Chemist: 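After the structure tokens below, expect a handful of questions from me.
Letters A, B, ... are given to chains in the order of the sequence lines, protein chains preceding strands, and every chain is numbered from 1. Since the model is a prediction, treat every value here as computed from it, not as a measurement.
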Amino acid sequence: MLKECMKMAWSNIIHNKMRSFLTVLGVLIGVSSIIALITIVQGATGSITSQISSLGADKITIQAMGTRLKQGLSEKDLEQLSLVNNVSGVSPTVSGKTALVYKRNVKTDVSVQGKNNVYFNKELDSLARGRGVNVLDVNNKNQVAVLGSDLAKELFWGDEPIGQHLLVNGNTVTIVGVLKESSGSIMGSTNDIVIMPYTSAMKTLGVRNITNVDVYMSDANKSESIINDVTTILNSAFNYRENTFTVLNMQNIIDVIGNITGMLTLLLAGIASISLLVGGIGIMNMMLVSVTERTTEIGLRKALGAEPAQIQLQFLIESIFISLFGGLLGLIIGLLIAIVASILMKFSFTITAWTIILAVGFSAAVGIIFGLAPARKASRLNPIDALRHV
Amino acid sequence: MSEILNMQDIVKRYSLDAEELVVLNKINLKINEGEFVSILGPSGSGKSTLMNILGCLDVPTSGKYILANNDVEDLDERELARIRNKEIGFVFQSFQLLQRLNALENVELPMIYARVSPENRRKKAMAILERVGLAEKMNNYPNQLSGGQQQRVAIARSVVTEPTILLADEPTGALDQKTGQQIMQLFKDLNAEGRTIIMITHDTNIARYSKRIVNILDGHLSEGAATNAERVYENGMEQYHS
């Protein structure tokens with residue numbers, strides 16, 4: 001029975017090619033926009049998340065504004081932080097903007113960051129040439145610097161910068177290394193910054209307090225207990241005053257972004273669903289016309305012994321066929337749009353089983369929901385009236 | 001001869017606004033297996049309504065209708081559909097073939113609803129089309145067939161499920177005289193093979209092909225006198241058998 005109904009439905013769809021095509025188009029547009037939007041948002045989320053992860057998912061970032069009496073963290077606090085279980089190292093960051101002078105080149109407003117040896121141990125592959133900041137540099141407040149790749153090009157024009165001297169805010173600084181070109185991330189690029197030992201950077205920039213510290217975890221799964229310990233240390237450092245510091249786990253940021261993009265996905269899918277709704281109305285319209293056109297056929301089938309349920313099934317299958325067809329084509333086209341978008345917007349294209357289930361499920365549901373009323377109408381036709389309708 | 005159809009005091013009433021219209025007024029009709037009955041009446045006599053009730057397309061307002069041991073008046077739509085499928089074969093004035101199906105598929109249609117397997121369907125449909133003389137036209141679509149051929153397909157479709165009664169509504173109404181006669185001959189032959197046929201018509205000449213004529217006028221039924229034609233027909237039958 002089901003097979004015959006399918007055959008009948010198919011024959012009717014084929015018979016009204018143009019009408020069926022237009023109706024399929026309605027569903028196709030709805031499904032493809034849902035699929036494209038979801039896939040694009042997911043891909044973009046994936047790339048944002050991986051960028052954030054590349055900044056260090058194994059890292060806890062502390063921002064310590066401190067109290068009026070103690071504005072920032074001391075060396076002793078840093079040492080305590082480095083002793084927390086499962087912490088592999090602590091890297092403070094001090095930053096400021098100042099002028100650089102090399103020979104006759106003057107460059108103002110250059111971002112200078114003070115880091116320590118831990119940073120370069122963790123970010124080993126950030127170095128292109130030379131060396132990073134080491135323990136001795138930090139302890140002795142050595143006037144050394146590592147240059148960002150753009151800055152090195154701009155100041156030295158292809159000359160070897162390592163071993164050369166620069167004036168940073170008037171202090172002579174020896175260049176010991178050059179950073180690799182970084183692709184840049186949402187947190188900014190390191191291509192035009194100068195990195196110095198934080199101890200000497202504080203002196204050079206006139207910064208008196210350490211307010212930013214990265215805590216590297218040896219085991220990212222223990223982040224909760226580490227954050228607890230860190231919080232305890234910071235609380236005691238700042239006398240348990242409120243709003244003196246924030247502790248940020250990259251994973252938290254990723255989670256937050258995940259939540260935001262999740263909501264964004266729902267919102268966009270919701271908007272796209274409106275077009276699917278319109279497609280569904282198209283199906284209903286087509287099926288109602290079809291039922292009216294085929295009143296005599298329905299009457300005849302009933303006279304020959306078709307039960308109401310069988311008539312209903314035949315029309316329902318027809319609308320499901322139309323919408324499934326639209327759904328599958330919409331899936332393909334939606335994915336193609338997403339692939340093109342992923343190439344243009346440079347993020348990785350991912351397709352999940354959910355996407356397919358969603359497309360197929362949604363379109364089948366549309367077929368059933370919007371096909372039910374016309375199918376019921378057909379099944380309830382009075383065979384006498386239907387046969388008279390010539 | 002066993003009785004296969006029994007109508008007792010069938011009344012069909014329609015309410016049009018305030019006016020009440022009695023279309024069938026206490027119809028009593030018994031039909032035995034193997035009969036060929038014409039229900040003869042002019043338009044407006046109630047014969048179409050009677051045919052609808054006979055064909056279980058409609059239910060009477062009151063009265064008792066027993067068809068092949070089924071009490072029809074208190075069946076729901078689904079059960080009526082089953083009865084139509086199993087007990088009744090319809091032949092319509094305008095053939096009512098589905099244009100999108102070929103002759104074979106049209107004949108298979110009622111068997112789909114009878115849940116006959118595809119192989120059996122095909123076999124039976126082919127055999128019956130051969131019986132009505134359309135073996136060569138099985139794969140033709142209705143628009144590739146003449147009116148007479150289309151009506152033959154429709155007749156094949158009506159008998160393929162081996163129904164208790166074949167119910168024909170002006171079966172020659174859309175055909176020329178000569179083709180009409182051929183169709184009537186086919187009915188006669190089918191009747192001779194034992195099929196019970198009820199034909200609704202307004203045409204006395206056509207009614208003469210049947211063995212028994214029942215007149216309907218203004219919702220009343222009266223048994224017709226044996227016509228001259230009936231005798232001719234009986235003679236014809238003898239010729240047919242000899």
Chemist: Other residues, nucleotides and ligands only: do more than 12 of their heavy atoms fall within 6.0 Å of CE on B/M126?
Modeler: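 No, not enclosed.
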Chemist: Can you give me the closest heavy-atom contact between B/Y113 and A/G305, atom names plus distance?
Modeler: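 Looking at all heavy atoms of both residues, the closest pair is CB-O, 3.7 Å.
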Chemist: If you compare all heavy atoms of B/F90 against all heavy atoms of A/A303, which two are closest, and at what distance to 0.1 Å?
Modeler: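 Taking B/F90 first and A/A303 second, the nearest heavy atoms are CE1-O, 3.3 Å.
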Chemist: Sequence neighbours excluded, which residues qualify as side chain to side chain contact (heavy atoms under 4.5 Å, CB included) partners of B/K123?
Modeler: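 Listed in chain order: B/N120.
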Chemist: Around atom CZ of B/F92, are there more than 12 heavy atoms of other residues, nucleotides or ligands at under 6.0 Å?
Modeler: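 Count over threshold, so yes.
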Chemist: Taking every heavy-atom pair that is under 4.5 Å apart, which of B/L97, B/L98, B/T161, B/L101 has the most such pairs with chain A?
Modeler: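 Top option by heavy-atom pairs under 4.5 Å: B/L98.
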Chemist: Nearest 0.5 Å, what's the OG-CG distance between B/S94 and A/L300?
Modeler: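 The distance works out to 9.5 Å.
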Chemist: Atom OH of residue position B/Y14 - does it have more than 12 heavy atoms of other residues, nucleotides or ligands inside 6.0 Å?
Modeler: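 Enclosed: over 12 neighbouring heavy atoms sit under 6.0 Å from OH of B/Y14.
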Chemist: Measuring heavy-atom distances to chain B, does A/E297 have an atom under 4.5 Å in its side chain, in its backbone, in both, or in neither?
Modeler: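 A/E297 touches chain B through backbone and side-chain heavy atoms alike.
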Chemist: Under 4.5 Å heavy-atom distance to chain A, tell me which part of B/N52 shows up: side chain, backbone, both or neither.
Modeler: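 Looking at B/N52, just its side chain touches chain A.
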Chemist: Just wondering, are more than 12 heavy atoms of other shown residues or ligands nearer than 6.0 Å to CG in B/D203?
Modeler: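 More than 12 heavy atoms, drawn from other residues, nucleotides or ligands, come within 6.0 Å of this atom.
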Chemist: Could you tell me if the side chain of A/Q310 sits less than 4.5 Å from the side chain of B/I112, heavy atoms only?
Modeler: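 Side-chain contact under 4.5 Å: no.
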Chemist: So for atom CD, which belongs to B/E20, do other residues, nucleotides or ligands contribute more than 12 heavy atoms lying within a distance under 6.0 Å?
Modeler: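 Enclosed: over 12 neighbouring heavy atoms sit under 6.0 Å from CD of B/E20.
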Chemist: Could you name each residue pair satisfying side-chain hydrogen bond (donor to acceptor under 3.5 Å, both in side chains) that touches residues 97-106 of chain B, not counting sequence neighbours?
Modeler: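 Every side-chain hydrogen bond (donor to acceptor under 3.5 Å, both in side chains) pair that includes a residue of residues 97-106 of chain B, provided the two are not neighbours, is A/N12-B/R100.
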Chemist: Give the interface residues of residues 76-84 of chain B toward chain A, defined by a heavy-atom separation under 4.5 Å.
Modeler: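 The stretch touches chain A at B/E77, B/R78, B/A81, B/R82, B/R84.
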Chemist: Checking B/P118 against chain A: side chain, backbone, both or neither under 4.5 Å from a heavy atom?
Modeler: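 When you check distances to chain A, only side chain atoms of B/P118 fall under 4.5 Å.
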Chemist: Distance-only criterion, 3.5 Å: show the donor-acceptor pairs between side-chain atoms of residues 372-382 of chain A and protein atoms not counting sequence neighbours.
Modeler:
from, atom 1, to, atom 2, distance (Å)
A/S379, OG, A/R376, O, 2.9
A/N382, OD1, A/I384, N, 3.1

